[in-house]
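Heavy atoms only: backbone and side chains are in, while hydrogens, waters and symmetry mates are out. Each chain gets a letter, A, B and so on, in the order the sequences are listed, and its residues count up from 1.
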2 protein chains.
Amino acid sequence: MKPLTTTSYAILGLLAIKPWTTYELAKQMELSLRNFWPRAERKLYEEPRKLVAHQLATVQRETVGKRPRSVYRITADGRQALRAWLDEPGAPASLEFEALIKVFFAEHGNKQQLLANLERIHTEATARAMIDAQWAQHYLATGGQFPQRMAVISLVGTLQAQLNQAILAWSGWARQLVDTWPEDLRTAPPARDSLELIARWTRHTTSETLNRQTGPVS
Amino acid sequence: MKPLTTTSYAILGLLAIKPWTTYELAKQMELSLRNFWPRAERKLYEEPRKLVAHQLATVQRETVGKRPRSVYRITADGRQALRAWLDEPGAPASLEFEALIKVFFAEHGNKQQLLANLERIHTEATARAMIDAQWAQHYLATGGQFPQRMAVISLVGTLQAQLNQAILAWSGWARQLVDTWPEDLRTAPPARDSLELIARWTRHTTSETLNRQTGPVS
DNA sequence: CCTCCTATACTGCCCTGGGCACTATCGGAC
DNA sequence: GTCCGATAGTGCCCAGGGCAGTATAGGAGG
């Protein structure tokens with residue numbers, strides 16, 4: 001029997017809200033979890049079956065006219081498994097950001113290319129901020145599809161918006177700074193002020209011993 | 001001939017700095033790009049060969065005693081290809097954050113479980129902030145292994161640190177807020193203040209600076 | 001001098017998950 | 001009556017993740 005993955009538990013979490021068809025589950029995953037757990041739609045279709053095999057859900061085969069569909073429902077075991085899963089620490093966060101690689105290797109191109117990449121990041125973050133704003137307005141106005149979930153959703157939505165704001169603020173700052181740099185980026189002055197700020201962030205923390213690990217970039 | 005991927009260009013970017021052995025390339029990728037382009041070490045060993053096939057790099061087979069090794073070197077075509085790649089827009093950023101799924105579905109568990117998950121996020125972000133601080137101190141003190149790269153590295157490092165700070169601030173805020181919530185999270189009041197702040201981000205794109213250190217809800 | 005340990009320098013192999021392509025019916029608009 | 005988008009999926013290839021394994025180099029310690 002196929003072992004359950006994080007994606008399985010994400011689906012199980014949705015089933016804990018209400019019963020859904022596989023198609024609806026796939027749509028809902030895309031809608032609400034894409035931003036912190038992106039998965040290929042194709043693979044989501046295999047998850048509910050695994051849940052049934054583990055007796056965490058049941059299927060109900062229906063037909064709409066001639067077309068069949070499967071409605072999945074969480075079981076008591078399923079709710080129990082979900083609660084147990086919430087106790088386990090999750091894997092550390094992981095980010096993929098191709099445009100940042102282009103910033104990282106910008107000295108092998110010219111200043112205009114770096115500015116263009118920063119501009120693209122800024123534009124995307126701006127668009128994203130608009131979407132976040134509309135989302136927040138929608139939730140404030142309607143309370144959302146599942147009002148009992150609004151509290152936790154407001155937490156998660158806040159982090160997403162804050163992360164996007166961080167990218168927006170950074171790209172605006174970086175753009176302005178790079179504007180003052182020479183054409184040959186190898187001779188540009190490093191952002192010392194920013195590094196000094198980062199270097200001071202140890203102060204607000206405990207004197208716990210640190211294992212030697214690497215910082216953001218080496 | 002295998003097509004080049006983003007990972008290929010990341011390796012090519014490293015080769016544009018200096019020649020490396022495959023082993024060194026793999027180590028360096030892990031060290032410096034893990035945080036925004038994480039890739040399995042195993043697969044990195046296949047990339048330099050692809051670059052040679054495309055004539056963007058050359059190999060030099062050497063031996064250290066009885067042990068063979070391959071040193072890769074970028075070609076003029078390689079530098080050209082790297083510059084061209086810098087012009088193409090990168091794929092949108094993508095985040096995987098399992099602990100956030102647990103926050104998202106927290107209403108199916110109890111308040112203590114949610115607080116524990118927030119605590120874990122906070123602890124990890126705190127540890128990460130210390131690593132970032134040490135990294136910044138190291139760079140300020142030594143200028144790094146490749147001083148001509150310090151300017152671009154300071155940009156990328158700043159974003160990484162800022163993103164971690166956003167998580168740190170958010171998790172601290174969320175922890176305090178959830179503390180005031182009832183046991184049954186379905187009846188908890190949503191973070192309206194925060195949503196209202198996000199909702200307003202449509203209009204003003206204020207001149208954000210690095211010194212903006214406000215938490216999620218200021 | 002010998003042993004142990006870690007760093008260097010990779011390769012084999014299985015299988016998960018990403019992603020494109022494809023099928024088919026339903027329901028409402030025009 | 002026709003067209004289009006939404007509903008409801010399946011088949012299949014292969015890139016990439018990740019575990020395991022091989023072998024030599026070089027320095028530390030006894």
Going by side-chain hydrogen bond (donor to acceptor under 3.5 Å, both in side chains), name the pairs with one or both residues in residues 85-94 of chain B, residues two or more places apart or in two chains. A:Q113-B:D87
I'd like to check the ring-ring contact (aromatic ring centres under 6.0 Å, His included) partners of B:Y45; sequence neighbours left out, ordered by chain and number. none
Can you name the salt bridge (Lys or Arg N to Asp or Glu O under 4.0 Å) partners of A:R186, sequence neighbours left out? A:D184
Nucleotide range of DNA chain C contacted by chain B, 5' to 3', under 4.0 Å to a heavy atom? C:dA7 to C:dC13
Protein proximity profile, nucleotides 8-16 of chain D - base contact B, sugar-phosphate-only contact S, no contact -, cut-off 4.0 Å on heavy atoms: BBBBB--SB
Answer yes if the side chains of B:R73 and B:T58 hold a donor-acceptor pair under 3.5 Å, and no otherwise. no
Do we get B:R149 above A:F104's six-membered ring, with its NZ or CZ under 6.0 Å from the centre and within 45° of the axis? yes
Taking ring-ring contact (aromatic ring centres under 6.0 Å, His included) as the test, write out the residues that go with A:Y23, two or more places apart. none
Can a donor-acceptor pair be found, under 3.5 Å and without considering hydrogens, that links the side chain of B:E62 to the backbone of B:R69? no
